[in-house]
Amino acid sequence: MPAAIQEKPTAQAGKTPLVVRLLVLATFVVILNETLMINAIPRLMESMHVTEQAAQWVSTAFMLTMAAVIPVTGWFLQRVTTRQGYAIAMGVFLAGTALSAVAPTFTILLLGRIVQAAGTAVMMPLLMTTLMTVVPEQDRGKVMGNVTLAISVAPALGPAISGLILQLGSWRLLFVAVLPIAGAVTYFGLRQLDNIGEPQVSTLDWASAAMATLGFGGLVYGLSLFGEGESNLGPSIGIVIAGAATIAFFVLRQLKLQRTGAPLMDLRTLTHRTFALSLALMCIAFLAMMGSMILLPLYLQNLRGLTPLETGLLLMPGGLAMGLLGPTVGRLYDRLGSRPLIVPGSIGIVASLAGFTQVSMTMPYWQVLALHALLMVSLAATFTPIFTLGMGALPPNMYPHGSSILGTLQQVAAALGTALVVTVMSARSSSLVAEGVAAAPAQLSGMKVAFVIAAVLAVGTIVAAAMLPNRANNTSGEVMAH
C-alpha cells in the first residue's frame with residue numbers, strides 16, 4: 001500500500017485492526033489451497049486417468065503461478081485501493097475454485113488451479129503491506145503472529161484437512177467445501193473493509209513483468225521437473241539455467257530502473273541488512289518445511305501403509321500447535337525481541353530434521369508425531385519474528401516491494417525444497433534398486449539421505465539467526481506516526 005495513511009496507527013494500539021483480521025482470514029482460506037491437493041493425487045490419477053507425474057501438476061502449477069504473479073503485485077497494489085485489491089483477488093480465487101470443482105477434464109482442472117493461484121498471489125502482499133501500514137511498531141509482533149497463522153499454518157494443515165474431506169468422497173469435494181467459505185469471507189470482507197491510504201498512479205515496465213514471469217516461473221518449473229526421473233534431467237537443468245539467467249537480466253533491469261524511480265521490484269530493499277538476513281532465514285526454513293511435508297506423507301503412506309486420513313490426523317497436532325502458538329510467539333516478540341525466539345527456533349528445526357534422518361520401518365508413531373510437532377513449533381517460533389523484523393527494517397514506501405520479494409522467494413524456496421528432497425530420494429533409491437536392494441528399503445534409504453540434506457541446509461538458519469539484531473533498527477515507526 002502507498003505510504004499515504006489516512007488513519008493514525010496509534011489509534012489501534014494494542015488491538016488487531018479489523019482490516020487486518022479480515023485479510024488474515026481471507027489469506028488463510030486462499031493459502032490453504034496450495035497444499036490441499038497433495039493427498040488427493042491417487043484419487044485424481046484414478047478419476048482423470050492421468051499418471052502420477054501429471055497429477056502432481058495440480059500442486060506444481062499453483063506454486064508456479066504464485067511465483068510468476070507475485071512480482072507484479074507490488075505495482076498492482078500501489079494502483080488500487082484496499083477494497084479493489086481485495087475484491088479482485090477474492091473474485092479471481094472464487095472463479096478458479098468454481099472452475100476446478102466442475103472441471104470435466106484434467107486440463108480444465110489445471111486451468112482452474114492456475115486461476116485460483118493468481119488470486120492467492122495478490123492476497124499475501126496485500127495483507128503484509130496493509131499490516132505494516134496500520135499497525136504501530138510496538139504491536140506488530142502480536143498482529144504478525146496472527147498473520148503467521150495464515151501464511152505458515154494453512155499449508156501445514158492442507159494435507160490433514162484434505163485427508164478428512166477425501167474420506168467423504170470425490171476430490172471435487174475439496175473445491176466444493178472451499179467455495180461457500182471463500183464466498184462468505186469475500187462478502188463480509190467487502191462489507192467491513194476500509195481503504196487504507198490512497199492509490200498512486202505508477203507505470204508498469206512490461207519488459208520487467210515478462211522477465212519476472214519467465215524467470216521465476218521457469219526456475220520453479222525447472223526445479224519441479226527434477227523430481228520426475230532421470231529422463232528429464234537434461235531439460236530440467238536447461239530450464240533452471242534459463243530461468244536463473246532471465247532472473248539475472250531482470251535484476252540488472254531493476255537496478256537500471258531504480259535510477260528513474262520506477263522498478264517493478266525495488267531491490268534496494270535488499271540493502272537493508274536485517275531484511276536480507278530475514279529473507280535468507282525464511283527461505284531456508286520454508287524449504288525445510290515443504291521438504292518434510294512431501295517426505296512424511298510418502299513415508300507414512302507408501303512405507304508404513306497408513307491411509308490419507310490417518311496420515312492427516314498424525315500430522316495435524318504439529319500443524320495445530322504451530323497455529324495456536326502464532327499469537328503467543330507474536331506477543332513474546334513484542335516483549336523480548338527476536339533473538340530469544342529465533343535462535344532456539346532455528347536450533348529446534350535442525351534437531352527435528354536430524355531426528356527424521358533416523359526413520360525406519362519400525363519407528364514408533366509417537367516419535368514421528370513428536371518430531372513433526374517439534375519442527376512445527378520451531379518454525380512457529382521462527383516465522384513470526386523474521387516476518388516482523390524483516391518488514392520492520394524497511395521504510396514504509398518499500399513495504400509493497402518487500403512483501404512482493406518475500407512472497408516470490410517463498411514460492412521458489414517451496415519448489416526448491418520439494419524438488420530437492422524428491423530428487424535426492426529418487427536418485428538414492430534408484431541406485432540401490434539397481435544394485436538389487438528391494439524397493440521399500442531402497443526408498444527408506446533415499447528418504448534418510450533427503451532428510452540429512454534438509455538438516456544440513458537448516459544449519460544455515462542458526463547462522464542467519466545469530467547475525468540478526470533483536471529489534472528492527474529503523475525510523476519507519478516514527479515516519480508512520482506523522
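All values below were derived from every heavy atom in this structure, side-chain atoms included, with hydrogens, water molecules and symmetry-related copies excluded. Starting from 1, each residue takes its place in the sequence as its number.
- Side-chain contact check for I349 versus L353: some heavy-atom pair is nearer than 4.5 Å.
- In this structure, CG in L267 is found 9.5 Å from CE in M398, a value given to the nearest 0.5 Å.
- At least one side-chain heavy atom of V368 sits less than 4.5 Å from a side-chain heavy atom of F356.
- Judged by distance alone, with hydrogens and angles left aside, the side-chain atoms of S170 form no donor-acceptor pair with the main-chain N or O of L173 at under 3.5 Å.
- Rounding to the nearest 0.5 Å gives a distance of 9.5 Å between CG of D266 and CG of L394.
- With H272 contributing its side chain and A393 its backbone, the two residues share a donor-acceptor pair below 3.5 Å.
- Side-chain contact between Y299 and L306: absent, with no pair of heavy atoms (C-beta onward) separated by less than 4.5 Å.
- Looking at N470, its side chain does come within 3.5 Å of a backbone N or O of S338 through a donor-acceptor pair.
- Side-chain contact between N33 and T120 is absent, with no heavy-atom pair separated by less than 4.5 Å.
- Closest approach of T27 and L23 over heavy atoms only: OG1-O, 2.6 Å.
- Paired with I181 under the rule side chain to side chain contact (heavy atoms under 4.5 Å, CB included), one option of T97, V29, L32 passes, and it is V29.
- In this structure, F387 CZ and L131 CG are separated by 11.5 Å, a value rounded to the nearest 0.5 Å.
- In terms of heavy-atom proximity, P441 sits nearest to V437 at CB-CG1, 4.1 Å.
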Working for side chain to side chain contact (heavy atoms under 4.5 Å, CB included), residues L300 and Y365:
CA-CA 9 Å; L300 293 168; Y365 290 124; 4.1 Å; yes
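- Residue G345 comes nearest to S378 through the heavy atom pair O-CB, 3.2 Å, listed as atom of the first residue, atom of the second, then distance.
- The heavy-atom pair separating L341 from A381 by the smallest distance is CB-O, 3.6 Å.
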Solution key, residues 276-291 side-chain donor-acceptor pairs under 3.5 Å, sequence neighbours excluded:
| from | atom 1 | to | atom 2 | distance (Å) |
| --- | --- | --- | --- | --- |
| S278 | OG | T274 | O | 2.8 |

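- Here the closest heavy-atom approach between residue A465 and residue I342 is recorded as CB-CG2, 3.3 Å.
- When all heavy atoms of L325 and A380 are compared, the closest pair comes out as CB-CB, 4.3 Å.
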Apply side chain to side chain contact (heavy atoms under 4.5 Å, CB included) to T65 and R113, showing your working.
CA-CA 9 Å; T65 309; R113 287 290 281 170; over 6 Å; no
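- Contact check for F175 versus V178: no side-chain heavy atoms found under the 4.5 Å cut-off.
- Of the inter-residue distances, the one linking H372 atom NE2 with M322 atom CE reads 9.0 Å to the nearest 0.5 angstrom.
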- Assess whether side chain to side chain contact (heavy atoms under 4.5 Å, CB included) is satisfied between I247 and L219, documenting all intermediate values. CA-CA 9 Å; I247 292 169; L219 188 62; 3.8 Å; yes
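- Side-chain contact between V329 and F383 is absent, with no heavy-atom pair separated by less than 4.5 Å.
- When the side-chain hydrogen bond (donor to acceptor under 3.5 Å, both in side chains) test is applied to S403, the partners found at least two apart in sequence or on another chain are T129.
- Here the CH2-CG distance, from W57 to L109, works out to 13.5 Å after rounding to the nearest 0.5 Å.
- Tested against L127 for a side chain to side chain contact (heavy atoms under 4.5 Å, CB included), the candidates V24, L22, V122 yield a single pass: V24.
- Formation of a donor-acceptor pair under 3.5 Å by the R43 side chain with backbone atoms of W171 is not found in this model.
- For the pair S208 (side chain) and L264 (backbone), a donor-acceptor distance under 3.5 Å is absent.
- In this structure, the side chain of R304 engages the main chain of M361 through a donor-acceptor pair within 3.5 Å.
- Side-chain contact check for F93 versus V115: every heavy-atom pair is 4.5 Å or farther apart.
- Counted within 6.0 Å of CD on Q367, heavy atoms from surrounding residues, nucleotides or ligands total more than 12; the atom is thus considered enclosed.
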Identify each donor-acceptor pair in which a side-chain atom of residues 443-450 lies under 3.5 Å from a protein atom, sequence neighbours left out, and give them as a table.
| from | atom 1 | to | atom 2 | distance (Å) |
| --- | --- | --- | --- | --- |
| S445 | OG | R428 | NE | 3.0 |
| S445 | OG | R428 | NH2 | 3.3 |

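- One finds the CZ atom of F62 at 8.5 Å from the CD1 atom of I31 (value rounded to the nearest 0.5 Å).
- The aromatic rings of F250 and F216 sit perpendicular to each other, their planes meeting at more than 60°, with 30° as the lower class boundary.
- A donor-acceptor pair under 3.5 Å links the side-chain atoms of Q254 to the main chain of M265, judged by distance alone.
- Between the side chain of Q358 and the main chain of G355, no donor-acceptor pair closer than 3.5 Å is present.
- Within the 4.5 Å cutoff, side-chain heavy atoms of I386 are placed close to those of L468.
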Quiz item: Would M467 and R273 count as a side chain to side chain contact (heavy atoms under 4.5 Å, CB included) if you check the C-alpha gap in whole Å, the side-chain angles of each, and the deciding distance to 0.1 Å?
Solution: CA-CA 10 Å; M467 293 165 74; R273 183 173 174 272; 3.9 Å; yes
